[in-house]
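Before any comments, here is the structure.
These values consider heavy atoms only, across backbone and side chains, with no hydrogens, waters or symmetry-generated copies. First the proteins, then the strands, lettered A, B, ... as listed; each starts at 1. Every value quoted in this text rests on a predicted model; they were computed, and no experiment measured them.
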Protein chains: 4
Amino acid sequence: MATKKGTDTKEKIFNAALKVFAKKGFSAATTAEIAEEAGVAQGTIFRYYKTKKDILRGVMIEYVDKFDEFADFDSIQKIIEDNAEKPLDEILKLIVLNRYKAFKKNFHISKVIHYEMQFHDDIMDMHLKKCKEKEGLVMKHILQHIDIDEDKYKKLGQKSLSIIFTSMMFGMFFQRLNGVRGNDEIPIEKEIDIIIDVFFNGILKR
Amino acid sequence: MATKKGTDTKEKIFNAALKVFAKKGFSAATTAEIAEEAGVAQGTIFRYYKTKKDILRGVMIEYVDKFDEFADFDSIQKIIEDNAEKPLDEILKLIVLNRYKAFKKNFHISKVIHYEMQFHDDIMDMHLKKCKEKEGLVMKHILQHIDIDEDKYKKLGQKSLSIIFTSMMFGMFFQRLNGVRGNDEIPIEKEIDIIIDVFFNGILKR
Amino acid sequence: MATKKGTDTKEKIFNAALKVFAKKGFSAATTAEIAEEAGVAQGTIFRYYKTKKDILRGVMIEYVDKFDEFADFDSIQKIIEDNAEKPLDEILKLIVLNRYKAFKKNFHISKVIHYEMQFHDDIMDMHLKKCKEKEGLVMKHILQHIDIDEDKYKKLGQKSLSIIFTSMMFGMFFQRLNGVRGNDEIPIEKEIDIIIDVFFNGILKR
Amino acid sequence: MATKKGTDTKEKIFNAALKVFAKKGFSAATTAEIAEEAGVAQGTIFRYYKTKKDILRGVMIEYVDKFDEFADFDSIQKIIEDNAEKPLDEILKLIVLNRYKAFKKNFHISKVIHYEMQFHDDIMDMHLKKCKEKEGLVMKHILQHIDIDEDKYKKLGQKSLSIIFTSMMFGMFFQRLNGVRGNDEIPIEKEIDIIIDVFFNGILKR
DNA sequence: CATGAATGAGAATTCATTCAT
DNA sequence: AATGAATGAATTCTCATTCAT
């Protein structure tokens with residue numbers, strides 16, 4: 001019970017911090033504003049996090065977990081299995097849409113991590129480690145299925161495919177989610193259709 | 001002469017600020033560190049910039065100029081003209097390489113602006129205004145040449161082409177320059193080759 | 001309790017500020033000196049007053065309250081009633097003595113306000129508003145009683161009487177309290193006697 | 001010639017300083033603003049005055065001279081002689097009007113001195129010394145003429161007369177010049193008439 | 001456990017003064 | 001003599017952190 005209450009408070013602080021960090025950046029955020037946003041007293045924060053920097057570390061740790069969820073192979077695997085009979089590009093579209101939704105859901109936290117990473121080596125290290133660990137696997141999943149038709153597709157190697165695919169995917173995600181573009185223009189499904197079609201067409205042998 | 005001296009100092013401060021902003025982020029950067037980096041007294045900064053925020057605005061203004069240089073149509077135009085007889089994909093590779101070099105050269109400033117933009121509405125506004133103004137024009141240049149062969153290429157419209165192309169290009173640029181990937185793995189020329197080949201192959205009719 | 005503590009601190013700061021302002025003037029006073037005088041940390045000041053200027057505003061607000069006390073009609077009224085049978089000049093002497101004591105008690109704050117007013121329009125406005133509101137009333141009290149004997153006194157009008165009376169009264173107060181004169185020369189009661197006698201004699205018909 | 005130019009510059013600085021001191025107070029005034037007001041470079045000020053405080057001292061010295069002019073007995077003497085046949089109250093009115101004009105002319109400088117005096121002991125000392133030296137003389141001039149008619153006037157002594165007269169006079173001057181009252185209400189001549197009538201009537205034997 | 005008043009180190013900013021030109 | 005760029009000590013103000021209640 002007591003533990004539950006403590007957990008609740010910590011969660012309120014965490015969410016408030018995340019919100020304020022996302023809005024102002026870590027440095028410009030004040031613990032006072034976080035406390036207000038969380039609806040707790042200023043001192044309460046320091047019962048759950050030793051320092052302000054510690055909150056950021058907490059965010060990172062949470063992010064790592066979210067990242068696992070984000071790069072959640074079970075759901076990707078499930079998509080592949082459930083649509084085994086469909087052509088590869090159709091499957092990929094479903095995967096990308098699934099990824100987009102996961103990304104969008106965790107965008108807040110991603111944004112904070114990506115911005116702060118640059119300035120905090122420890123955060124950077126945690127992130128890169130996590131990335132290396134997962135990134136390859138996502139592509140391997142894709143490649144596994146591409147490799148089967150090696151007569152049909154160009155032989156580009158994982159690295160190159162990875163560059164192209166992730167560039168397109170994340171480039172598009174960021175453009176959409178950062179409000180760089182007018183938001184409502186093209187629905188995400190349509191955009192994925194176009195981008196995957198070009199990608200797939202692009203890697204075809206000719 | 002006197003003017004020259006003042007300009008020199010302002011430039012020293014500007015460059016120092018850019019460096020410190022890039023290293024620590026705007027909020028975490030201190031004017032003391034900027035002053036030290038610039039090799040001037042703390043007070044000197046405020047002879048040239050009213051406030052710390054004003055330095056960032058100065059960086060933005062400089063960026064806008066760099067951006068003009070970056071989206072420098074003269075050099076693009078020149079590439080196109082000088083290589084008129086070459087196939088479109090070859091020309092595009094040259095353009096992208098040119099863009100990459102311009103981007104790399106101004107990466108420091110671009111990075112600062114792109115990151116800080118999120119937290120400063122005034123900077124964001126200045127940037128978006130500039131982007132809208134230029135972005136379309138770059139693509140138009142490309143399209144002009146693609147349109148000629150409309151039997152050969154898919155009819156995708158400027159918007160879609162723009163999304164795909166800028167996603168790939170900037171996605172790749174950021175991946176390379178942010179040190180997200182091991183830096184030196186593939187030479188940029190090779191990477192551009194691959195990416196443009198896929199893009200071009202991708203937009204072909206079939 | 002908690003409220004009491006906060007109020008105490010604010011009061012300590014207020015009194016310290018008043019003292020330092022009176023000694024050095026607003027501009028030359030430093031928040032560091034105020035903090036030391038108040039026996040609090042430098043930062044504590046800014047928990048209670050947003051800015052240094054705000055402390056002055058606080059002093060003004062306090063002054064306005066003191067002013068009410070200063071121009072306290074209840075005590076004037078009481079003097080009048082308690083001495084109803086005495087001649088008017090005797091009553092007036094008592095009133096002026098009462099005023100002098102009130103003025104002397106609040107001299108510190110009055111001095112700060114009167115001096116700083118010149119440089120701060122907002123303070124000036126607050127003050128004038130208060131003055132207009134009260135000044136007339138004091139004179140009306142006096143006039144009420146003078147009017148009865150209109151055969152005896154010159155018909156000078158409130159404005160002129162007000163000028164003469166306040167000039168004499170405040171001129172004398174300032175001379176005494178500013179140490180412009182050797183301080184202890186004539187006792188205040190004697191001085192009031194003389195001044196009121198002349199005033200009263202002066203407004204007699206002849 | 002060169003000397004003349006230097007004197008001119010010093011005078012420009014002096015007048016600018018006086019203006020800025022009067023507007024902002026000594027502490028809040030900046031040498032930069034004084035320089036701008038004077039139309040000289042910031043550094044130039046320090047060729048004529050060693051420090052900012054030194055400018056204030058310069059103002060004081062000037063004030064002492066002005067004060068001599070202000071308490072200028074030649075002009076008072078002249079008024080008395082020129083109007084020998086007129087009644088005393090008429091003469092006094094002329095004198096007070098003359099004083100008011102002198103005071104108004106030097107009000108700027110008086111204001112600065114009176115405010116700063118409190119915070120600078122050296123200025124205070126110079127001022128008090130000067131005051132003592134002159135004040136009595138003015139009254140003596142008046143008394144000389146009052147004494148003649150000692151049957152007609154009360155025997156009040158120089159001190160008491162001085163208090164009453166200067167209180168009325170300066171009280172009125174300050175009220176007028178500080179903009180405490182609505183400025184245009186009563187013309188100064190009319191106000192002097194009333195105040196002197198009351199004063200004179202007030203000191204009559206009865 | 002939670003609070004919020006108090007702290008004080010540190011950051012931004014100001015400004016009198018100096019000095020090379 | 002005059003200039004105005006540069007200085008840096010002093011000042012206002014901020015905010016993470018502590019601790020008595």
Using 0.5 Å steps for rounding, measure from the [atom1] atom of [X] to the [atom2] atom of [Y].
X        : Y       : atom1 : atom2 : value
C:Ile123 : C:Met60 : CD1   : CE    : 6.5 Å
D:Ile45  : D:Lys10 : CD1   : NZ    : 12.5 Å
A:Leu56  : A:Ile61 : CG    : CD1   : 10.0 Å
C:His120 : C:Ser27 : NE2   : OG    : 6.0 Å

So, is the end of the C:Lys52 side chain (NZ or CZ) under 6.0 Å from the ring centre of C:Phe46 and within 45° of the ring's axis? no
Hey, do the aromatic rings of B:Tyr115 and B:Phe119 have their centres closer than 6.0 Å?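 Not close enough - the centres of the two rings lie 6.0 Å or further apart.
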With sequence neighbours excluded, tell me which residues meet ring-ring contact (aromatic ring centres under 6.0 Å, His included) with C:Tyr49. none
Specify the separation, in whole Å, of atom [atom1] of [X] and atom [atom2] of [N].
X       : N      : atom1 : atom2 : value
D:Lys50 : E:dA16 : NZ    : C1'   : 14 Å
B:Ile34 : E:dT13 : CD1   : P     : 10 Å
D:Phe46 : F:dA5  : CZ    : C1'   : 15 Å
B:Glu33 : E:dA11 : CD    : C1'   : 12 Å

For DNA chain F, which residues of residues 13-21 of chain B approach it to below 4.0 angstrom with any heavy atom?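 Of all residues in residues 13-21 of chain B, none places a heavy atom under 4.0 Å from DNA chain F.
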When you get a sec, tell me which of [options] is the closest nucleotide to the side chain of [X]?
X       : options               : value
B:Ala41 : F:dG8, E:dT17, E:dA12 : F:dG8
B:Arg47 : F:dT12, F:dA2, F:dG4  : F:dG4
D:Thr44 : F:dT3, F:dT12, E:dG4  : F:dT3

Check whether any side-chain nitrogen or oxygen of A:Tyr48 sits under 4.0 Å from OP1 or OP2 of E:dA2, and answer yes or no.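 Yes, within the criterion.
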Does E:dA12 have its OP1 or OP2 closer than 4.0 Å to a side-chain nitrogen or oxygen of B:Thr51? no
For A:Arg57, give me all partners under side chain to side chain donor-acceptor pair (under 3.5 Å), at least two apart in sequence or on another chain. A:Asp54, A:Asp122
Between C:Gly43 and B:Gly43, who's closer to the 5' end of DNA chain E by nearest nucleotide? C:Gly43
Distance-only criterion, 3.5 Å: show the donor-acceptor pairs between side-chain atoms of residues 15-25 of chain B and protein atoms not counting sequence neighbours.
| unit_1 | atom_1 | unit_2 | atom_2 | d |
| --- | --- | --- | --- | --- |
| B:Asn15 | ND2 | B:Glu11 | O | 3.2 |
| B:Lys19 | NZ | B:Glu37 | OE2 | 2.9 |
| B:Lys23 | NZ | B:Glu33 | OE2 | 3.4 |
| B:Lys24 | NZ | B:Glu33 | OE1 | 3.1 |

Any chance you could encode DNA chain E as dot-bracket? Rule is Watson-Crick or G-U wobble with both distances under 3.5 Å; [ ] for pairs crossing earlier ones, | for another strand. .||||||||||||||||||||
Mind running a 4.0 Å heavy-atom check of residues 23-32 of chain A against DNA chain E and sending the residues that fall below it, in number order? none
Mind listing the closest non-hydrogen atom pair of B:Phe14 and B:Ile109 along with its distance?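 Distance-wise, the nearest heavy atoms are CZ-CD1, 4.1 Å.
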Taking only the P atom of each, what is the distance from E:dC1 to F:dT21 in whole angstrom?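 So the two P atoms sit 22 Å from each other.
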